[in-house]
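For reference, the structure is listed below as C-alpha cells.
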Amino acid sequence: MNIALVEDDGCAANTIMEYAKKYNSQYSAELNVTRFSDAESLLKNYRHSTYSIIFMDIDLPKINGLEAARQLRYVDKTVVIIFVTKMAQYAQKGYEVNALDYMVKPVAYADFCLKIKKAVNVARSRESRLVLIPSGNGFFRLSTDNIIYVEVMGHQLKYQLVDGTIEVRGTLAAVEKNLADKGFLRCSNCYLVNSRFINSVSGYDLDVGGYILKISHPRHRRFVEELMKLYSGGG
C-alpha cells in the first residue's frame, strides 16, 4: 500500500517512517512510504489513486495542509487523509475535506498503529469500489460512490457523476456487467442507476440523486423487486 507523507520537519518525518518500518515488521505489512517536504511537491503531477493514504502535516510552507487537502479532493476523492499537527483544533477542520483522522505531534507509536490500521481498512474498502471505465486507448478509474447513473444514447455512454460527467463509447450491457454486484439496477433500456442515490420511486418516476428518470413499463415490477431486495440485505 503506497503512502505519502507530507512533512517539512525532518525529525518528525523520520519518526513516522521508522514507525512504518516497525509496523511492517511487526504485522507483516507492506507500507511503502514516500516523503514530500512540502505540499507543492505532492500536488505537482498528482494522479488519482497514486496513493492510498496520505499523512499530511498542517503547518507547511507556502501551501498549508488543509489547503493542500482541498486541492487534492479535486483530483482524488477516495484517498485516505490523516492530518499530523501540533494543534489538534486545526485538525478538527478535517471534516471539510473528508479527512479520516488526525495525529498530534509528537506522534506515539501506539497512536500511529491505531490510526494506520483504521486507514488501511478504509482504503481497502474504498479500493474495492473502484472500477475501470474503458475510454479509447485508455481508461478512467472511478469509485462507484461517485457514479449516480449511466445513460446510453446510441453507442455513446454518459456517466453522471456527483461532480460532473464522463462520456465514452460503449454499450449499457457491458457497463451492467462491469458494475455487477455493486448495487446498480437497470430501470430501462437507457438507464443504469446506483441504488445508493435513489431517493424515491413514484409510479414510473425515479428520483436518483435529484435527477428524475423514467422506469420503463416492462421493467417496473422487476426493478422495484430488485430494489427492495437490496434494501432488505438480500442482494
Mind listing the closest non-hydrogen atom pair of [X] and [Y] along with its distance?
X   : Y   : result
D8  : P61 : OD2-CD, 3.7 Å
F83 : G94 : CE1-CA, 3.7 Å
A68 : I63 : N-CG2, 3.7 Å

With the side chain counted from C-beta on, respond yes when [X] and [Y] share a heavy-atom pair under 4.5 Å apart, and no when they do not.
X    : Y    : result
V162 : F197 : yes
V33  : I16  : no
V79  : R73  : yes
V152 : T171 : no
F223 : I215 : yes
L172 : L157 : yes
Y74  : L72  : no
F184 : L230 : no

State whether Y109 and K22 meet the cation-pi test: NZ (Lys) or CZ (Arg) under 6.0 Å from the six-membered ring centroid, and within 45° of the perpendicular axis.
yes
Say whether Y46 and D76, considering side chains only, have a donor N or O and an acceptor N or O under 3.5 Å apart.
yes
Hydrogens and angles aside, do S202 and D205 bring a side-chain donor and acceptor to less than 3.5 Å of each other?
no
F112/Y19 aromatic ring centres below 6.0 Å
yes
Taking the six-membered ring for Trp and the full ring for Phe, Tyr or His, determine whether the centres of Y211 and Y149 are under 6.0 Å apart.
yes
Supply the atom-to-atom distance [X] [atom1] to [Y] [atom2], rounded to the nearest 0.5 angstrom.
X    : Y    : atom1 : atom2 : result
Y191 : L206 : OH    : CG    : 10.5 Å
Y204 : S188 : OH    : OG    : 13.0 Å
I58  : N64  : CD1   : CG    : 8.0 Å
L5   : F36  : CG    : CZ    : 9.5 Å
E225 : H220 : CD    : NE2   : 10.5 Å
I147 : I133 : CD1   : CD1   : 5.0 Å

Quick one: does [X]'s side chain have a donor or acceptor within less than 3.5 Å of a partner on [Y]'s backbone?
X    : Y    : value
N32  : I3   : no
T165 : L161 : no
N199 : V208 : no
R186 : L192 : no
D111 : V107 : no
D9   : A12  : yes

Applying salt bridge (Lys or Arg N to Asp or Glu O under 4.0 Å), run through K62 and E67 and close with a yes or a no.
CA-CA 10 Å; K62 297 182 180 179; E67 177 56 30; over 6 Å; no
Over 12 non-hydrogen atoms of neighbours within 6.0 angstrom of [atom1] in [X]:
X    : atom1 : value
R222 : CZ    : no
K93  : NZ    : no
Q89  : CD    : yes

Closer than 4.0 angstrom, basic N to acidic O: yes or no for [X] and [Y]?
X    : Y    : value
D59  : K86  : no
E226 : K229 : no
E7   : K105 : yes
E151 : K158 : yes

Trace of the side-chain contact (heavy atoms from CB on, under 4.5 Å) decision for M1 with I53:
CA-CA 8 Å; M1 185 164 287; I53 301 168; 3.7 Å; yes
Could you give me the CA-CA distance, side-chain angles and deciding distance for I116 and F55, then say whether side-chain contact (heavy atoms from CB on, under 4.5 Å) is met?
CA-CA 10 Å; I116 196 64; F55 287 109; 3.7 Å; yes
Apply side-chain contact (heavy atoms from CB on, under 4.5 Å) to residues I198 and D207 and explain how you reach the verdict.
CA-CA 6 Å; I198 293 176; D207 181 337; over 6 Å; no
Show your reasoning for whether side-chain contact (heavy atoms from CB on, under 4.5 Å) applies to L100 and K118.
CA-CA 9 Å; L100 178 68; K118 180 179 177 182; 3.8 Å; yes
